[in-house]
Amino acid sequence: MFRLLPILLLVLYGFAMWHFSTWQLKRQLNGNSRRLRDSKLEPYLDRLAAALEVSEIPVHVYQIEPVNGLAAPDGRVFITEGFMRKYRNREVSAEELTSVIAHELGHVALGHSRRRMIDFSGQNALRAVLMTVLGRFIPFIGPWIANLITAALAARLSQRDEFEADEFASALMIKAGFGTEPQVSLFHKLDALTKNAGQTTPAWLLTHPKTEKRIAAIEANQLRWSRAER
């Protein structure tokens with residue numbers, strides 16, 4: 001039992017750190033966001049709400065410059081001010097922005113925030129075990145290898161969540177009558193919109209899948225669903 005105590009403590013530490021970061025993020029969002037009010041976007045959000053059979057979909061604008069969307073741990077959906085600026089400048093269409101909101105709704109509906117909390121705690125425990133074992137047999141390099149393995153695992157789990165949220169968004173966009181074209185067209189613009197963030201990072205260490213893989217998965221899902229309807 002005492003041998004397992006350090007691992008149990010690391011798991012508890014992971015939970016505590018996750019709750020602290022969640023609390024900190026909530027404070028930042030509450031202090032630096034506003035409710036999205038855009039008369040041109042409202043009909044698009046209404047169609048998503050109808051497809052989900054809910055009365056409305058509240059969306060908030062997080063007033064930071066990076067182009068991104070966010071599903072908060074408390075279930076709220078955010079679009080950054082940077083993304084809204086691209087929309088107002090007509091670099092992003094209303095349908096494309098709607099697909100981003102659908103994607104973030106996927107994270108909420110699929111419980112990814114809760115799952116990431118569990119993943120984060122497990123990764124802390126795994127890192128400690130690997131650092132202990134590898135550090136004993138491979139001094140100096142062992143801890144570095146342990147961190148690399150844990151980072152690769154975290155990236156793989158994060159990419160899984162992104163593919164799942166993309167699939168949810170595709171199904172929702174189809175049900176709402178938009179189709180998957182806005183998703184695909186936005187992904188074609190994504191690298192330019194985000195200034196090619198992560199292009200030099202190995203794919204297996206990226207938190208988000210490569211754009212071409214996401215497009216291929218969306219098209220494969222649509223083809224599979226089309227065949228199932230025949």
* Strictly by modelled atom types, are Arg224 and Asn221 linked by a side-chain donor-acceptor pair under 3.5 Å? -> yes
* Scan residues 169-184 for pairs that pass side chain to side chain donor-acceptor pair (under 3.5 Å), counting only residues two or more places apart or in two chains. => Ser170-Gln183, Thr180-Gln222
* To do: Identify, with sequence neighbours excluded, every residue that meets side chain to side chain donor-acceptor pair (under 3.5 Å) alongside Lys189.
  => Glu96
* Sequence-distant partners of Asn68, side chain to side chain contact (heavy atoms under 4.5 Å, CB included), two or more places apart -> Thr80
* Structure fact -> By side chain to side chain contact (heavy atoms under 4.5 Å, CB included), Asp46 pairs with (sequence neighbours left out) none
* Asked: Got a sec, which residues hit side chain to side chain donor-acceptor pair (under 3.5 Å) with Asp38, two or more places apart in sequence or on another chain?
  -> Tyr87
* Test Met84 against Leu41 for side-chain contact (heavy atoms from CB on, under 4.5 Å), laying out the working first. => CA-CA 11 Å; Met84 291 301 299; Leu41 272 177; 4.2 Å; yes
* What residues, two or more places apart in sequence or in another chain, satisfy salt bridge (Lys or Arg N to Asp or Glu O under 4.0 Å) together with Glu91? -> Lys86
* To do: Return yes when atom CZ of Arg90 has more than 12 non-hydrogen atoms of other residues, nucleotides or ligands closer than 6.0 Å, and no otherwise.
  => no
* Asked: Which residues satisfy the salt bridge (Lys or Arg N to Asp or Glu O under 4.0 Å) test with Glu81, sequence neighbours excluded?
  -> Arg34, Arg88
* Just jot down the side chain to side chain donor-acceptor pair (under 3.5 Å) partners of Asn32, sequence neighbours excluded, or say none. => none
* To do: Would you please name every residue forming a side chain to side chain donor-acceptor pair (under 3.5 Å) with Arg214, sequence neighbours left out?
  => Asp166
* To do: State which residues pass side chain to side chain contact (heavy atoms under 4.5 Å, CB included) with Val108; sequence neighbours excluded, sorted by chain then number.
  => Ala71, Val77
* To do: List the steps, then state whether side-chain contact (heavy atoms from CB on, under 4.5 Å) holds for Phe187 with Lys213.
  => CA-CA 10 Å; Phe187 277 132; Lys213 289 187 176 181; over 6 Å; no
* **Distance in Å, Phe163 CZ paired with Ile218 CD1, rounded so as to fall on 0.5 Å steps** => 9.5 Å
* Do His107 and Glu164 meet the criterion of a side-chain donor-acceptor pair at a distance under 3.5 Å? -> no
* **ring-ring contact (aromatic ring centres under 6.0 Å, His included) against Phe178, all qualifying residues, sequence neighbours excluded** => Tyr44
Could you give the side-chain donor-acceptor pairs of residues 50-66 under 3.5 Å, partners two or more places apart or in another chain?
from  : atom 1 : to    : atom 2 : distance (Å)
Glu56 : OE1    : Arg35 : NH2    : 3.1
Glu65 : OE1    : Arg85 : NH1    : 2.7
Glu65 : OE2    : Arg85 : NH1    : 3.0

